[in-house]
Amino acid sequence: MRTGDVSGPKFVAQLSVSVAFVLAPASVMCLVVFLSHLVRELRAEVMLIAVHQEAKRTIDRVLGNEEADRDRPAEPPQPSEHAAPLLASRSGFLAAVDEDALLRAAIDADAVVLVDRLPGSSLVAGTPCGSVWSGERVPLRPDTRDGLLQRAAEAIVTGHERTDEQDVAFALRQFTDVALKALSPGLNDPTTAVHALSHSSALLPATGWPPRDYPRAWMASPNSTSSSRSMAVRTSNPLT
């Protein structure tokens, strides 16, 4: 520290200078490592792999429960003539549906709730996104109906952008966007487009496509009225 006495011994902050000499090269090394990491993360292939991995986790979380799929009916129930429309409370993208809250609301009201919009769909406040009706196919009491509609609307979560919480198709949309932009005249990068399409092709079987129980092979078989007829051979989908 500075003093008015110049005859005394000179003071040198040895500890502070030593720490500064150590931190200076360490800071430069951290900056180099960060820039190297940033360059790797900004590569198109790295971002495609990250989207693919997150999509796999979403598919496993949303579609991975085989027991629930087995108990689920093949077709959704048809609303009765007394059904009331379920209106979206907020505008935005359908991010997720709280299934437990929706189920509790339906059980408490002894009713059926149908949400006919998929996660990722664009909702406008005040427009229908589903229906509710009594399990007995009779009109719901006004107070029961209003309470059910409010609880069902609160179970529908919307956001300003699509997320991968329950949106299985979000990753496919991202891969498609990357492929289209890569093939634009401004970029003209067919390699990145091929990589994006490869990731999409790898994800499709995990989502259940091709669908189960559809004609896979056709064979000719004679009958009495014509020389041959087409017969569909249906098999289960081995990829799902």
Could you give the distance from [atom1] ([X]) to [atom2] ([Y]), rounded to the nearest 0.5 Å?
{"X": "Q150", "Y": "D146", "atom1": "CD", "atom2": "CG", "result": "8.5 Å"}
{"X": "D164", "Y": "I59", "atom1": "CG", "atom2": "CD1", "result": "11.0 Å"}
{"X": "T58", "Y": "E54", "atom1": "OG1", "atom2": "CD", "result": "5.0 Å"}
{"X": "M29", "Y": "L31", "atom1": "CE", "atom2": "CG", "result": "11.5 Å"}
{"X": "S121", "Y": "D167", "atom1": "OG", "atom2": "CG", "result": "8.0 Å"}

TODO: Please report the C-alpha distance between L86 and S131 in whole Å, then the side-chain angles of each, then the deciding distance to 0.1 Å, and finally whether the side-chain contact (heavy atoms from CB on, under 4.5 Å) criterion is met.
DONE: CA-CA 5 Å; L86 173 60; S131 305; 5.8 Å; no
Side-chain heavy atoms of [X] within contact of [Y], under 4.5 Å:
{"X": "T144", "Y": "D110", "result": "no"}
{"X": "R151", "Y": "D108", "result": "yes"}
{"X": "P77", "Y": "V112", "result": "yes"}
{"X": "W133", "Y": "V113", "result": "no"}
{"X": "V157", "Y": "D98", "result": "no"}

Look at the side-chain heavy atoms of Ile, Leu, Val, Met, Phe, Trp and Tyr, link any pair under 4.5 Å apart, and say whether [X] and [Y] land in one connected group.
{"X": "L140", "Y": "V115", "answer": "yes"}
{"X": "L23", "Y": "L15", "answer": "yes"}
{"X": "L204", "Y": "V168", "answer": "yes"}
{"X": "L197", "Y": "V51", "answer": "no"}
{"X": "I49", "Y": "V194", "answer": "no"}

[X] side-chain N/O to [Y] backbone N/O, donor-acceptor pair under 3.5 Å:
{"X": "T127", "Y": "L123", "answer": "no"}
{"X": "T192", "Y": "A182", "answer": "no"}
{"X": "S36", "Y": "V32", "answer": "no"}
{"X": "Q166", "Y": "V97", "answer": "yes"}
{"X": "R104", "Y": "E99", "answer": "no"}
{"X": "S91", "Y": "A125", "answer": "yes"}

TODO: May I ask you to say whether D177 pairs ionically with K181, meaning some side-chain N is under 4.0 Å from a carboxylate O?
DONE: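 A salt bridge is absent here (no side-chain N lies under 4.0 Å from a carboxylate O).
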So which heavy atom on [X] is nearest to which on [Y], and how close?
{"X": "E165", "Y": "A95", "value": "CB-O, 4.3 Å"}
{"X": "R117", "Y": "P128", "value": "NH2-O, 3.3 Å"}
{"X": "L203", "Y": "A171", "value": "CD1-CB, 4.1 Å"}
{"X": "C129", "Y": "I156", "value": "SG-CD1, 3.6 Å"}
{"X": "L148", "Y": "A109", "value": "CD2-CB, 4.1 Å"}
{"X": "A155", "Y": "L102", "value": "CB-CD1, 4.0 Å"}

Task: Within 6.0 angstrom of R90 CZ, more than 12 heavy atoms from elsewhere - done: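 Yes, CZ of R90 has more than 12 neighbouring heavy atoms, counting only those of other groups under 6.0 Å.
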Open item on the list: Just to verify, which of S184, P185, P190 counts as forming a side chain to side chain contact (heavy atoms under 4.5 Å, CB included) with N188?
Closed with: P190
TODO: Can you sort out the partners of H199 under ring-ring contact (aromatic ring centres under 6.0 Å, His included), two or more places apart, ordered by chain and number?
DONE: H52, F175
